[in-house]
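Below is one structure, written out as structure tokens; comments come after it.
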Number of protein chains: 2
Amino acid sequence: MVMADDPPRRQPTLEAVAELAGVSRSVASRVLNNAPHVSQGKRDAVERAVRELGYVPNPTARALATRQTGAAALVVSGEDPSIFADPFFAQVIVGASAALEEADLHLMLCLAATDRGRKRVEELLRGKGADGVMLMALRENDPLARTAEEAEMPVVFGGRPVGSAPRWYVDVDNTGGAREATEYLLSRGRTRVAVICGRLDTEVGRARYRGYQDAMLAAGLEPFPPHEGDFTEPSGAAVMAALLLQHPDLDAVFAANDNMAAGALRTLREAGRSVPADVAVVGFDDLAVARIADPPLTTVHQPIPALGREMARMLVALLNGEDPTPLILPTRLVTRTSA
Amino acid sequence: MVMADDPPRRQPTLEAVAELAGVSRSVASRVLNNAPHVSQGKRDAVERAVRELGYVPNPTARALATRQTGAAALVVSGEDPSIFADPFFAQVIVGASAALEEADLHLMLCLAATDRGRKRVEELLRGKGADGVMLMALRENDPLARTAEEAEMPVVFGGRPVGSAPRWYVDVDNTGGAREATEYLLSRGRTRVAVICGRLDTEVGRARYRGYQDAMLAAGLEPFPPHEGDFTEPSGAAVMAALLLQHPDLDAVFAANDNMAAGALRTLREAGRSVPADVAVVGFDDLAVARIADPPLTTVHQPIPALGREMARMLVALLNGEDPTPLILPTRLVTRTSA
DNA sequence: GCTTCCAATGGGAGCGCTCCCACCTCCCTT
DNA sequence: AAGGGAGGTGGGAGCGCTCCCATTGGAAGC
């Protein structure tokens with residue numbers, strides 16, 4: 001990059017390519033978009049000119065003319081930008097990015113956790129700053145939900161927002177996974193199975209508690225009332241401590257995610273309870289922490305990159321004028337040593 | 001969103017706003033960019049019209065006219081897209097996103113780990129698909145380095161590429177951090193301090209080994225030759241096992257990141273060595289895993305969100321025509337129980 | 001009362017591309 | 001031999017915005 005007050009030597013334009021190739025802009029354009037109705041001779045000439053000039057089409061101009069930006073936005077809501085630091089999102093992005101790449105779309109990332117951020121997302125949605133949007137981590141009564149509904153733009157939800165099922169979404173079978181985890185604990189002879197819930201103002205938190213509840217009820221056992229953490233390790237440790245105080249005889253705990261399970265493990269260790277002998281622990285997510293924890297966590301695996309991938313694919317389908325159906329991805333229990 | 005073959009009812013344009021407000025496009029434009037030379041009366045009229053019509057400026061058209069896209073790209077290179085799953089990047093993004101938001105820039109995320117991905121980044125750079133670029137995780141002889149040099153676009157590097165110092169970069173004091181970690185181990189009376197290196201085809205890997213080496217040499221001790229891991233937990237476990245075999249008497253190990261330190265911890269546990277009594281372990285990064293590990297890791301903290309933030313700020317400065325100086329962020333040792 | 005100046009205003013020319021359409025040439029039908 | 005196509009081609013009109021520039025009118029200065 002040159003810092004000097006450069007002579008406004010600009011990128012070559014299509015016009016320049018056309019001139020060098022001795023054809024009209026139209027023909028040059030057709031060659032670039034490899035559209036039909038171009039003779040082989042001119043096609044070669046244009047391609048040669050492109051190479052000679054080092055021409056690269058200007059995406060902005062193309063976007064203006066076609067009314068398509070060539071980009072999809074991934075919006076992560078939440079009340080604090082650091083929610084994004086959760087490795088969960090990184091994996092979603094890996095999947096989404098790959099699928100978007102196939103459709104030749106760019107990925108814009110919007111952390112809509114501040115007021116400013118939300119305002120910018122709103123502008124993006126209403127001002128056609130992207131061709132479509134993937135929305136994640138909506139909270140209860142999230143203002144973004146409304147904006148998304150109103151926007152004349154395809155919107156795919158990642159995980160359902162609390163209380164409503166949008167037209168297009170991809171989710172994970174949270175209830176089923178939680179149920180399976182709890183059933184597993186019960187099948188191993190545990191009977192006093194406690195639960196560390198996630199935030200109950202999120203659908204994930206609720207759905208996982210529901211799964212736990214279902215399994216307990218089905219086994220004729222009284223479910224523990226919801227003890228709510230916030231999906232972080234410290235909150236898991238704290239809730240576990242409280243649980244131990246109230247129910248010293250518990251023999252298992254289902255944590256709504258791995259972070260909280262890791263916290264629980266720490267508290268149990270400090271309390272001198274051995275895992276899984278005294279207390280069995282099951283988590284949810286199967287992130288790296290599950291393997292690193294001591295003992296390694298038995299947990300509910302969810303296909304996170306697939307979640308991102310399917311969201312992106314659904315968006316692409318929408319962009320192609322199709323009408324895809326919502327998708328719920330399966331989970332599966334991964335047994336390690338903690339239960 | 002309406003799926004029907006909608007009557008092409010399009011977004012209102014500036015033209016429409018101007019007409020409704022009874023002014024010219026120019027005046028309306030000035031109001032929107034709150035430029036001077038507009039009477040209060042017309043200003044109000046335009047603002048009213050904007051509200052009435054629900055007008056939102058079209059960013060693409062603006063971009064074409066101003067030759068500025070309003071977006072900055074964060075490019076993550078690497079040989080495998082899953083490199084991005086490392087929580088490190090998520091934290092960089094949190095910082096970068098906040099700084100970009102202040103400058104009203106959008107964030108485009110490019111995972112340039114596939115050939116296709118690299119090609120798209122190249123097009124982005126050469127076709128002015130963004131106003132500037134932040135480049136991370138370049139490998140040795142990464143083709144992206146060249147492309148970036150040639151692009152007429154501000155480029156800020158996150159971490160230096162192997163062997164060369166670009167004009168603008170933000171890095172972390174890897175050598176200093178590694179030296180401090182090793183010195184700490186030595187100061188606690190350890191003398192047989194082994195090292196688990198990161199990939200030596202990355203500057204981070206090299207710099208951290210260099211720091212270790214410096215400290216050993218300064219203490220008159222023979223540094224261990226580099227045993228190379230790849231920054232993952234399993235590789236840390238494997239290298240630790242090899243180390244234990246070759247040097248059964250080692251009494252400390254410096255791992256070039258927390259993941260590998262966690263792996264080392266696992267191997268040591270399985271080998272019946274107690275930490276820190278028999279072997280002290282120090283990591284690098286201070287990611288979540290450091291706190292969750294058992295025992296919690298003593299590690300070199302690096303300000304990751306700050307890294308992202310400073311990269312973004314440097315890019316913004318560049319965009320403003322300034323010429324910022326490279327930045328090296330400090331690290332600091334965080335002592336927990338593993339050493 | 002007549003310049004001088006400047007805030008206020010609107011017209012128009014792009015920005016670089018796509019795409020519709022008119023036009024022209026061949027070539028294949030009947 | 002005349003009438004279609006259909007492929008090939010270029011011109012021109014946008015896409016929605018910014019920005020330069022010419023124009024205006026009134027306030028200030030003499």
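First the proteins, then the strands, lettered A, B, ... as listed; each starts at 1.
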Length of the line joining [X]:[atom1] and [N]:[atom2], which is rounded to integer Å:
| X | N | atom1 | atom2 | value |
| --- | --- | --- | --- | --- |
| L64(A) | dC15(C) | CG | P | 13 Å |
| L32(B) | dT18(D) | CG | P | 7 Å |
| Y55(B) | dC17(D) | OH | P | 3 Å |
| R25(B) | dG11(C) | CZ | P | 9 Å |
| E19(B) | dG16(D) | CD | P | 15 Å |
| E15(B) | dG16(D) | CD | P | 10 Å |
| L53(A) | dG16(C) | CG | P | 14 Å |
| Q68(B) | dC19(D) | CD | C1' | 14 Å |

Could you please name the option among dG16(C), dG12(D), dG16(D) that lies closest to any side-chain atom of T13(B)? dG16(D)
Can you see which heavy atom on M136(A) is nearest to which on F88(A), and at what distance? CE-CE2, 3.9 Å
Can you see which heavy atom on R43(B) is nearest to which on P36(B), and at what distance? NH2-CA, 4.5 Å
So among V75(A), L144(A), L125(A), L74(A), which one has a side-chain contact (heavy atoms from CB on, under 4.5 Å) with C110(A)? V75(A)
Apply side-chain contact (heavy atoms from CB on, under 4.5 Å) to R126(B) and E150(B), showing your working. CA-CA 8 Å; R126(B) 313 205 322 121; E150(B) 289 168 1; 5.8 Å; no
Check: S26(A) side chain, dG11(D) base, donor-acceptor under 3.5 Å: yes
Could one point to a donor on the side chain of R67(A) or the base of dG16(D) with an acceptor on the other under 3.5 Å away? no
Between R313(B) and E310(B), does any NZ, NE, NH1 or NH2 come within less than 4.0 Å of an OD or OE carboxylate oxygen? yes
What nitrogen or oxygen pairs link the protein and nucleotides 5-9 of chain C at under 3.5 Å?
{"unit_1": "dA8(C)", "atom_1": "OP2", "unit_2": "H37(B)", "atom_2": "N", "d": "3.4"}
{"unit_1": "dT9(C)", "atom_1": "OP1", "unit_2": "S39(B)", "atom_2": "OG", "d": "3.1"}
{"unit_1": "dT9(C)", "atom_1": "OP2", "unit_2": "S39(B)", "atom_2": "N", "d": "2.9"}
{"unit_1": "dT9(C)", "atom_1": "OP2", "unit_2": "S39(B)", "atom_2": "OG", "d": "3.3"}

Under the criterion side-chain contact (heavy atoms from CB on, under 4.5 Å), I'd like the reasoning laid out for L109(B) against F84(B): C-alpha separation, chi angles, the key distance, then a yes or no. CA-CA 11 Å; L109(B) 187 58; F84(B) 183 76; 3.7 Å; yes
Heavy atoms from other residues, nucleotides or ligands near CD of E123(A) exceed 12 (cutoff 6.0 Å): yes
Whether over 12 other heavy atoms sit under 6.0 Å from R146(B) CZ: no
Does R116(B) reach the main-chain N or O of E101(A) with its side chain, forming a donor-acceptor pair under 3.5 Å? yes
Close N or O pairs between protein and nucleotides 22-25 of chain C (under 3.5 Å):
none

Any side-chain N or O of N58(B) under 4.0 Å from OP1/OP2 of dC15(D)? no
